[in-house]
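Position 1 is the first residue of the sequence; numbering continues from there.
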Amino acid sequence: MAAVTLKDVAERAGVSIKTVSNVVRDAPRVSEATRKRVLKAVHELGYRPNPSARRLRTGHSGLIGLAVPDLAKPYFAELAQHVRAEAAPLGLTVLIEETLGDATEELRLATGVGASLLDGVILSPLRVSPDELAAVANEFPLVLLGERSYERDQVGADHVLIDNVAAARDATAHLAGLGRTRIAAIGVDQQASATSRQRLEGFQLALHEAGVTYDPRLAPAIKEFDRRNGLLAMRALAALPAGVRPDAVFCFSDLLAVGAQRALFEAGLNIPDDVAVASIDGSDEALYSTPSLTSVVPDKTAIASLAVKCLAARIRSDVPLPFEVHTAPHWLHARESTNGGRQQLFP
């Protein structure tokens, strides 16, 4: 059976091939009635755009990649939804890749190797080094997400991030503001990742400003930012003598905090009366946990919008563009894990 073409859709909808092309690309200046008629014909005929053909006509396929470490983590799954939502109005389709934090895979995607139809990639790197990225960043349209552990001009790529130091400082200051003086940190990872280093810096800064001494016994090392590591770290902290055991804990991710909350439940400790808990990510997991979790919320809509627009501009520009670093906003959402009581989610 022959593939359905733009001409077939145009004949079914009673419009020109150019109009069908405009609708498929989500171009402006097409009336809503015409758009609906064309989309109805597209659905009835089962038309699917051909990226290879589009690239031959325009030099672009309209496909971009989003590469994240772990889609099982709510933060990245939610971010992927936002990226797709921001890309669609620009006529871009997002292909999502999971790197599992493998440096070789991150580097492959940063150069577009093995993804010949992609016009560019939004990459959240975890393991690839700045020197490796610097060597390839100019070869392919690339936008980086997450922590920046290098100088502004070292890597030739746009970068979208939140201020991790400020975010961690805000969460820790909130705990100190509740009068807590033995504040633990869960998230000091053994790989000394940029995320861990920056959030630890913000944590220590807030302690200093509150006149609270940093106690390394209250910052156990972990392997991954997941529930199990949060559980194990909090179990160790809960087992400390009464005079050392924390009365608050700042977790470097929502998943770590969920694990920590489980350990506190097992130990018979009340949240927040015995131990207040705060974290970073602003995921749905924080909203629906019991008790609901106080969390710093990165503006994922802004992160996605900035990343997609930077990449689209770089793809479509005929001249080299200056590389930019964008810092998305964040805010603290205080919930039951620090405020106590019971709060109705959607009153």
Side-chain angles (χ1 to χ4, degrees), residues 69-79 100-101 167-168 170-172 174-176 178 180-191 193 195-196 199-200 202-203 215-298 332-346:
D70 188 353
L71 285 168
K73 288 185 167 58
Y75 176 83
F76 291 117
E78 292 170 21
L79 180 63
L100 300 178
D170 291 346
T172 309
H174 173 68
L175 294 170
L178 299 173
R180 309 302 170 110
T181 57
R182 298 188 305 278
I183 305 175
I186 296 179
V188 180
D189 68 33
Q190 296 172 352
Q191 293 80 23
S193 67
T195 302
S196 180
R199 293 181 183 180
L200 179 61
F203 171 76
D215 186 345
R217 292 175 297 176
L218 300 183
I222 63 164
K223 295 180 180 179
E224 298 289 343
F225 280 26
D226 59 17
R227 299 174 187 88
R228 176 176 172 77
N229 275 270
L231 173 77
L232 296 176
M234 193 67 242
R235 279 179 179 169
L237 290 168
L240 291 171
V244 180
R245 189 175 64 210
D247 56 10
V249 58
F250 165 53
C251 299
F252 292 10
S253 77
D254 285 351
L255 287 186
L256 286 169
V258 170
Q261 289 191 144
R262 175 66 196 184
L264 290 169
F265 172 77
E266 292 176 353
L269 295 170
N270 181 271
I271 303 170
D273 294 346
D274 296 318
V275 183
V277 182
S279 66
I280 294 182
D281 273 349
S283 66
D284 280 352
E285 185 114 3
L287 182 63
Y288 288 99
S289 69
T290 303
S292 59
L293 179 62
T294 291
S295 184
V296 173
V297 184
L332 178 78
H333 196 144
R335 298 191 178 99
E336 296 162 343
S337 69
T338 58
N339 287 348
R342 296 188 179 184
Q343 303 169 11
Q344 189 174 357
L345 290 185
F346 304 109

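- With 3.5 Å as the limit, one finds no donor-acceptor pair spanning the side chains of Asp281 and Ser295.
- Separation of atoms CG (Asp170) and CG (Leu175) is listed at 11.5 Å; rounding is to 0.5 Å.
- Note that the CG atom of Leu79 and the NZ atom of Lys73 stand 14.0 Å from one another [nearest 0.5 Å].
- A donor-acceptor pair under 3.5 Å is formed between the side chain of Glu78 and the backbone N or O of Asp284.
- With sequence neighbours excluded, the residues forming a side-chain contact (heavy atoms from CB on, under 4.5 Å) with Ala168 are Arg199, Phe250, Ile280, listed by chain and number.
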Anything under 3.5 Å between a donor and an acceptor, one on a side chain of residues 230-240, the other on a protein residue two or more places apart or in another chain? List them.
unit_1: Arg235; atom_1: NE; unit_2: Glu266; atom_2: OE1; d: 3.0
unit_1: Arg235; atom_1: NH2; unit_2: Glu266; atom_2: OE1; d: 3.0
unit_1: Arg235; atom_1: NH2; unit_2: Glu266; atom_2: OE2; d: 3.3

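- Scanning for side-chain hydrogen bond (donor to acceptor under 3.5 Å, both in side chains) contacts around Asp247 gives an empty result, with sequence neighbours left out.
- Here the side chain of Ser196 pairs a donor or acceptor atom with the backbone of Gly187 at under 3.5 angstrom.
- One finds the SG atom of Cys251 at 10.5 Å from the CZ atom of Phe203 (value rounded to the nearest 0.5 Å).
- Panel note: side chain Ser337, backbone Thr294; a donor-acceptor pair is recorded below 3.5 Å.
- Side chains of Phe265 and Ile271 form no contact here, defined as non-hydrogen atoms less than 4.5 Å apart.
- Taken from CG in Leu178 to OG1 in Thr338, the straight-line distance is 6.0 Å, to the nearest 0.5 Å.
- To the nearest 0.5 Å, the span separating CG on Leu255 from OG on Ser289 amounts to 11.0 Å.
- Side-chain contact between His174 and Asn339: present, with at least one pair of heavy atoms (C-beta onward) separated by less than 4.5 Å.
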Margin query: Go through it in stages, so that I can follow the logic: the residues are Asp189 and Phe225, the test is side-chain contact (heavy atoms from CB on, under 4.5 Å), and I'd like the CA-CA distance, side-chain angles, deciding distance and then a yes or no.
Written below: CA-CA 8 Å; Asp189 68 33; Phe225 280 26; 4.0 Å; yes
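- In this structure, CG on Asn229 lies 13.0 Å from CZ on Phe252, to the nearest 0.5 angstrom.
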Next item on the list: Might you work through the salt bridge (charged side-chain N to carboxylate O under 4.0 Å, His left out) test for Arg217 and Asp215, ending with a clear yes or no?
Entry: CA-CA 5 Å; Arg217 292 175 297 176; Asp215 186 345; 2.9 Å; yes
Check: Can you list the steps and then say if Leu264 with Asp274 is a side-chain contact (heavy atoms from CB on, under 4.5 Å)?
Finding: CA-CA 9 Å; Leu264 290 169; Asp274 296 318; over 6 Å; no
Next item on the list: Could you go through the side-chain contact (heavy atoms from CB on, under 4.5 Å) check for Leu293 and Val277 one step at a time?
Entry: CA-CA 7 Å; Leu293 179 62; Val277 182; 3.7 Å; yes
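- When each of Arg335, Glu336, His333 is paired with Ser292, the side chain to side chain donor-acceptor pair (under 3.5 Å) condition holds for Glu336 and for no other.
- Panel note: side chain Arg182, backbone Pro246; no donor-acceptor pair is recorded below 3.5 Å.
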